[in-house]
Amino acid sequence: MTQSTTPRREVAWAQIDAAAHALGGTTLNELFAAEPGRVGAMGVEACGLYADFSKQRVDAASLDALFALADAADLPSWIARLFAGEPINHTEGRAVLHPALRAPREADFAALGEPVMGDVHEVLDRVAAFTTRVRDGDWLGHTGQRITDVVNIGIGGSDLGPRMVCEALVAGEQPLQVHFVSNVDATEITRVCAGLDAATTLFIVTSKSFGTAETLANAATAKAWLLGKLGDDADVAKHFVAVSTNHAAVADFGIDTDNMFGFWDWVGGRYSLWSAVGLSIALAVGMDSFRDLLAGAHAMDEHFQTAPLRENLPVWLGLIGIWNTNALGLPSQVIVPYAQALARLPAYLQQLEMESTGKGVTRGGAPVPRQTIVSLWGDIGTNGQHAFFQMLHQGPQALPVDFILPKKLGHDVDHQHRMLVANCLAQSEALMCGKTAEQVREELTAKGLAGDALEAAIPHRVFTGNRPSTTIVLPTVDANTLGSLIALYEHKVFVQSVLWDINAFDQWGVELGKQLATVIDAELSGGEAQAHDASTTALIAKMAS
Ligand code: F6P
């Protein structure tokens with residue numbers, strides 16, 4: 001019997017359904033009216049982050065049912081298994097130990113029983129030493145000039161995390177400009193290289209497998225560009241380093257493995273920014289900031305590991321997501337950071353969440369009996385307000401929003417920050433409270449509208465309200481806080497995977513497209529035609545003509 005069919009877990013799911021049924025059409029406004037202590041009871045704090053869940057459509061019975069499900073799914077013991085380095089990524093027989101990457105030297109993590117902290121800090125120390133050499137101008141290019149620009153070539157987890165963090169944290173004058181190239185569309189690498197001087201550019205080829213087609217293609221193009229400019233094979237050693245777990249492939253590419261920074265199979269790609277994959281972050285913002293990022297994540301790890309479930313922020317975030325998806329049937333999750341620095345957070349979370357929990361079978365291989373992840377999307381406030389918020393306010397379906405709101409930002413234009421905060425708070429208020437036909441009638445009448453014109457105008461201006469959101473308040477967007485925020489979402493994903501009884505750490509779903517692309521690529525380059533469906537065959541012919 002698979003775990004998802006154990007009676008205890010199914011009884012808990014039935015309680016969730018019953019709680020949802022009992023909640024029925026009770027609105028958020030009614031919940032607030034009935035529960036004077038609601039805000040206090042539904043505010044959860046950890047590592048300086050404060051999350052207000054009171055604008056979610058849950059009542060006490062919903063929460064009881066959710067925490068009962070966490071209990072029935074043995075969430076505490078799964079958390080313990082994660083931190084104990086057990087092979088919880090069972091389809092690949094691997095431990096999942098990203099918390100070890102941000103733990104202090106004296107911690108004693110082990111993956112499948114093998115201690116890892118020595119290796120982790122050995123690599124971290126090499127990253128630190130290399131970062132200092134490059135940032136201080138002691139690492140020279142082939143012509144003897146100091147490095148001014150760094151290009152990280154990688155995709156997925158080897159791009160999204162470092163790119164997002166760099167965009168969030170780079171501020172003020174820095175000795176290095178860090179660029180990112182991920183897309184196999186060579187427009188990106190061509191544009192980036194066009195602005196660079198080969199003699200002062202360092203490429204980091206970042207790929208856990210060192211077998212990802214897009215990354216290898218971009219790395220080869222970068223190498224050809226560099227050789228074209230500097231013209232000597234010996235140049236590669238001074239201008240290319242690698243971050244990978246695949247020693248042999250790095251050497252095959254022509255990168256000196258002395259300039260390779262390793263990591264391990266127990267680090268998932270989308271959980272890897274804390275490893276040497278974060279080299280671009282360290283180069284961009286300095287090692288001290290990178291260590292602050294790690295420390296912020298470590299603080300959230302400790303909270304997740306030790307806080308009782310009812311006070312545990314990642315547990316709350318995960319359970320509320322489960323409620324919105326499985327009890328209320330809401331079809332997507334929107335992420336809106338009110339911070340320019342966090343512009344790439346939604347894209348980063350798309351991989352973290354959808355590659356992790358976008359699964360259709362349980363750990364035991366049976367079809368999942370209920371919805372798992374819903375689509376996740378978003379953009380920064382206030383820009384999103386002028387794009388998709390119309391749908392959030394008046395579209396036919398409520399979509400839950402996570403508002404991420406820093407109290408302070410790294411500038412002193414106070415009145416604009418005040419406007420930003422006001423906008424964020426106004427959006428969550430509007431989504432929840434709405435505006436009734438009566439209120440609209442009053443407003444329009446005061447403006448002199450009457451009769452048929454008034455009646456025709458009213459429905460268009462009504463806001464149903466009752467649309468749920470969570471607001472996560474950050475003290476600011478610095479390295480430490482960002483580390484905690486990212487780790488919060490990582491653990492949220494883990495919580496949900498346990499409750500849905502799925503493996504959050506494999507990604508077989510990306511393989512089929514890769515295989516077929518290889519076949520089609522061969523055909524497009526003149527190889528023998530292969531059997532495809534009629535549509536694909538016609539499109540191949542169109543693209544080849
Ligand atoms: O898209 C699939 C994937 O395997 C991701 O999980 C991973 O982050 C990305 O490709 C890049 O992989 P690699 O770091 O091995 O190049």
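Since the structure is predicted, the reported quantities are computational estimates derived from the model, not experimental observations.
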How about [atom1] on [X], more than 12 heavy atoms from neighbouring residues, nucleotides or ligands closer than 6.0 Å, or not?
X: Met391; atom1: CE; result: yes
X: Gln174; atom1: CD; result: yes
X: His21; atom1: NE2; result: no
X: Arg310; atom1: CZ; result: yes

Test Leu273 against Ile486 for side chain to side chain contact (heavy atoms under 4.5 Å, CB included), laying out the working first. CA-CA 10 Å; Leu273 71 89; Ile486 301 169; 4.2 Å; yes
Between the side chains of [X] and [Y], is a donor N or O closer than 3.5 angstrom to an acceptor N or O?
X: Asn29; Y: Asn466; value: no
X: His303; Y: Glu311; value: no
X: Gln56; Y: Asn324; value: yes
X: Asp292; Y: Ser289; value: no
X: Asn218; Y: Thr215; value: no
X: Trp500; Y: Asn326; value: yes
X: Asp52; Y: Ser54; value: yes
X: Asn152; Y: Thr206; value: yes
X: Asp506; Y: Thr91; value: yes
X: Gln394; Y: Gln390; value: yes
X: Asp185; Y: Thr187; value: yes

[X] to [Y] - nearest heavy-atom pair and separation:
X: Phe290; Y: Ser275; value: CZ-O, 3.8 Å
X: Ala70; Y: Leu499; value: CA-CD1, 4.1 Å
X: Val374; Y: Gln333; value: CG2-N, 3.8 Å
X: Gly384; Y: Phe389; value: O-CD1, 3.1 Å

Does a salt bridge link Lys435 with Glu443, judged by any charged N lying under 4.0 Å from a carboxylate O? yes
I'd like to check [X] versus [Y] (side-chain heavy atoms, cut-off strictly below 4.5 Å). Are they in contact?
X: Ile79; Y: Phe494; value: yes
X: Trp323; Y: Leu23; value: yes
X: Leu352; Y: Tyr271; value: yes

Students often mix this up, so state it plainly: with edges at 30° and 60°, are the rings of Phe505 and His98 parallel, tilted or perpendicular? tilted
I need the [X] [atom1] to [Y] [atom2] distance, nearest 0.5 Å.
X: Glu353; Y: Ser497; atom1: CD; atom2: OG; value: 11.0 Å
X: Ile281; Y: Trp274; atom1: CD1; atom2: CH2; value: 8.0 Å
X: Leu293; Y: Asn480; atom1: CG; atom2: CG; value: 8.5 Å

Going by the side chain to side chain donor-acceptor pair (under 3.5 Å) test, name the single residue among Gln351, Arg270, Gln496 that passes it with Ser356. Arg270
